[in-house]
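Everything numeric here is computed off the predicted structure, so don't read it as measured data.
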Amino acid sequence: MERKLAAILAADVVGYSAMMGEDEDSTLADLKEHRRVVFDPAIEAHNGRIIKLVGDGTLVEFPSVVDAVQFGLNVQKQIKTNPSRFVLRIGIHLGDVIVDDGDIYGHGVNVAARLEALAPAGGICISSIVHESVGRRITDSFVDIGQHDLKNIANPVRLYSWPPQLKETKKASQEPSEKPSVAVLPFENMSNDPDQLYFGDGISEDITTGLSRFKTLLVVARNSSFQFRGSEMNVGEIAAKLGVQYLLECSVRKVGNRARITAQLIVAETGKQLWAERFDRNLEDIFTVQDEVARNIIAVLPGRVQHDVASRINSKPTKT
């Protein structure tokens with residue numbers, strides 16, 4: 001076996017399953033065009049090599065971490081400058097890999113895939129070894145988001161995120177927006193099945209992405225909310241850290257092939273439960289369940305928030 005050290009980048013499209021569910025033909029055609037115009041030329045410009053394509057996912061190998069990180073930054077910035085229907089998440093790790101018939105395997109690949117899943121929509125998540133290796137050779141700043149336990153990875157990994165949304169969140173808490181603000185917290189896994197953690201994360205991501213399309217709401221980025229997974233802070237403390245007025249808390253419990261998903265919208269200032277719902281579903285098609293639950297919550301939540309905001313305004317005494 002041939003082994004080597006490589007910078008590995010994993011990328012995928014946010015909300016791809018939902019887009020395919022709406023229109024498979026146009027989504028696939030647009031994805032191929034996106035790769036041809038944006039992704040592939042940038043890979044070549046940064047000396048990368050595509051290892052494999054899996055649906056909307058791409059695994060790329062680079063000869064250096066600087067090339068990998070600069071590629072990620074350039075692609076994400078290009079998409080922001082020239083808006084596309086596709087929003088990417090990117091994870092980058094530096095690690096030892098096994099090379100076999102043009103493909104690569106091993107711990108380094110697994111970590112890169114886990115980081116991609118934790119990256120914010122339109123952003124990049126890198127491991128501490130990548131952050132240290134890049135040093136000051138990249139002008140963009142990455143925010144330390146702490147150590148994370150990654151699925152099937154023995155030791156916690158310290159992660160860094162771009163864009164620096166935690167700083168933006170703190171700024172937002174100092175300069176409140178006129179829009180009501182909401183954070184979707186990570187699902188609480190109430191069963192012993194670790195896979196439900198990722199099932200819940202998928203729903204959280206879809207809810208966050210869906211709510212962000214409402215111009216009447218200010219929605220905290222997924223990456224900022226997920227730092228509070230397993231936190232012992234109370235609702236008020238978490239809301240203060242994130243600078244939001246409302247929190248969406250959810251949990252999932254699996255029994256056999258059925259899952260019970262609960263969601264509740266909480267007013268941060270008072271801890272009052274503004275809305276709650278329970279979904280009991282069969283898990284024959286996980287993606288269908290994720291899409292259905294997310295759509296139901298997205299359809300209700302903005303209206304509940306706006307109604308509460310209006311009630312608060314009407315209840316204030318008028319000045320004479």
Side-chain angles (χ1 to χ4, degrees), residues 10-24 26-27 30-31 34 38 55-58 72 75-77 79-80 82-91 114-125 145 161-163 165-166 168-169 172 177 179-187 197-229 242-244 246-250 252 261 263 265 277 279 286-306:
D12 82 346
V13 176
V14 176
Y16 180 75
S17 297
M19 286 189 282
M20 286 293 282
E22 293 174 0
D23 190 335
E24 291 182 347
S26 68
T27 298
D30 290 348
L31 180 62
H34 175 80
V38 178
D56 63 314
T58 310
V75 166
Q76 296 290 39
K77 289 177 182 179
I79 292 173
K80 292 180 189 299
N82 303 293
S84 162
R85 68 178 295 198
F86 297 115
V87 177
L88 301 182
R89 293 179 308 189
I90 293 176
R114 301 293 180 248
L115 300 193
E116 173 266 307
L118 291 173
I124 304 169
C125 185
I145 58 173
S161 175
W162 178 94
Q165 290 152 320
L166 296 184
E168 293 172 2
T169 300
S177 169
K179 300 178 182 179
S181 50
V182 182
V184 181
L185 297 179
F187 267 61
L197 184 66
Y198 299 92
F199 170 72
D201 285 354
I203 301 176
S204 294
E205 179 185 335
D206 288 345
I207 295 170
T208 302
T209 302
L211 292 177
S212 66
R213 297 192 179 104
F214 287 82
K215 295 181 179 180
T216 56
L217 292 178
L218 179 65
V219 183
V220 170
R222 169 185 182 271
N223 197 52
S224 297
S225 298
F226 272 46
Q227 66 175 306
F228 295 100
R229 186 194 299 280
L242 292 172
V244 297
Y246 301 90
L247 292 172
L248 180 68
E249 286 189 329
C250 301
V252 58
I261 301 156
L265 179 63
E277 188 59 86
F279 306 90
I286 290 177
F287 293 116
T288 298
V289 173
Q290 287 179 324
D291 290 344
E292 181 190 351
V293 172
R295 280 198 305 268
N296 275 283
I297 294 174
I298 292 166
V300 172
L301 192 143
R304 297 285 179 164
V305 169
Q306 292 300 331

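Minimum heavy-atom separation, Gln306 to Pro180: NE2-CG, 3.7 Å. Listed here is the closest heavy atom pair of Val184 and Ser204: CG1-O, 4.1 Å. Taking both residues in full, the closest heavy atoms of Thr27 and Asp23 are given as OG1-O, 2.7 Å, listed atom of the first, atom of the second, then distance. Minimum heavy-atom separation, Phe199 to Gln290: O-NE2, 2.9 Å. Closest heavy-atom contact between Cys125 and Ile145: SG-CD1, 4.5 Å. Closest approach of Phe187 and Gly200 over heavy atoms only: CD1-O, 3.3 Å.
Taking the side chain as every heavy atom from C-beta outward, Arg114 and Leu118 never approach each other to under 4.5 Å. In this structure, the side chains of Ser181 and Val220 stay at 4.5 Å or more apart for every pair of heavy atoms. Residues Ser161 and Pro120 have side chains in contact (heavy-atom distance under 4.5 Å, counting atoms from C-beta outward). Looking only at side-chain heavy atoms (C-beta outward), Thr208 and Val219 come within less than 4.5 Å of each other. Annotation: side chain of Phe279 is not in contact with side chain of Val289 (no heavy-atom distance under 4.5 Å). Counting only heavy atoms from C-beta outward, the side chains of Leu31 and Phe86 approach each other to under 4.5 Å.
Legend: residues meeting side-chain hydrogen bond (donor to acceptor under 3.5 Å, both in side chains) with Glu249, ordered by chain and number and at least two apart, are Gln264. Every residue two or more places apart in sequence or in another chain was checked for a side-chain hydrogen bond (donor to acceptor under 3.5 Å, both in side chains) with Glu277, and none qualifies. Every residue two or more places apart in sequence or in another chain that forms a side-chain hydrogen bond (donor to acceptor under 3.5 Å, both in side chains) with Asp201 is listed here: Arg229.
Between the CG atom of Leu242 and the CG atom of Leu185 there is a distance of 7.0 Å, given to the nearest 0.5 Å. Atom CD in Gln76 sits 4.0 Å away from atom CD1 in Ile90 (nearest 0.5 Å). A distance of 12.5 Å separates OH of Tyr246 from CZ of Arg304, quoted to the nearest 0.5 Å. In this structure, CG on Leu301 lies 5.5 Å from CG on Leu211, to the nearest 0.5 angstrom. Annotation: the span from Ser225 atom OG to Leu247 atom CG amounts to 8.0 Å, rounded to 0.5 Å. The distance from atom CD1 of Ile261 to atom CD1 of Ile297, rounded to the nearest 0.5 Å, is 8.0 Å.
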Check step by step if side chain to side chain contact (heavy atoms under 4.5 Å, CB included) holds for Val13 and Met19. CA-CA 10 Å; Val13 176; Met19 286 189 282; 3.6 Å; yes
Could you walk me through whether Leu217 and Lys179 pass the side chain to side chain contact (heavy atoms under 4.5 Å, CB included) check? CA-CA 6 Å; Leu217 292 178; Lys179 300 178 182 179; 6.0 Å; no
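Asp206 places no side-chain N or O within 3.5 Å of a backbone atom of Ala294 that could act as its donor or acceptor partner.
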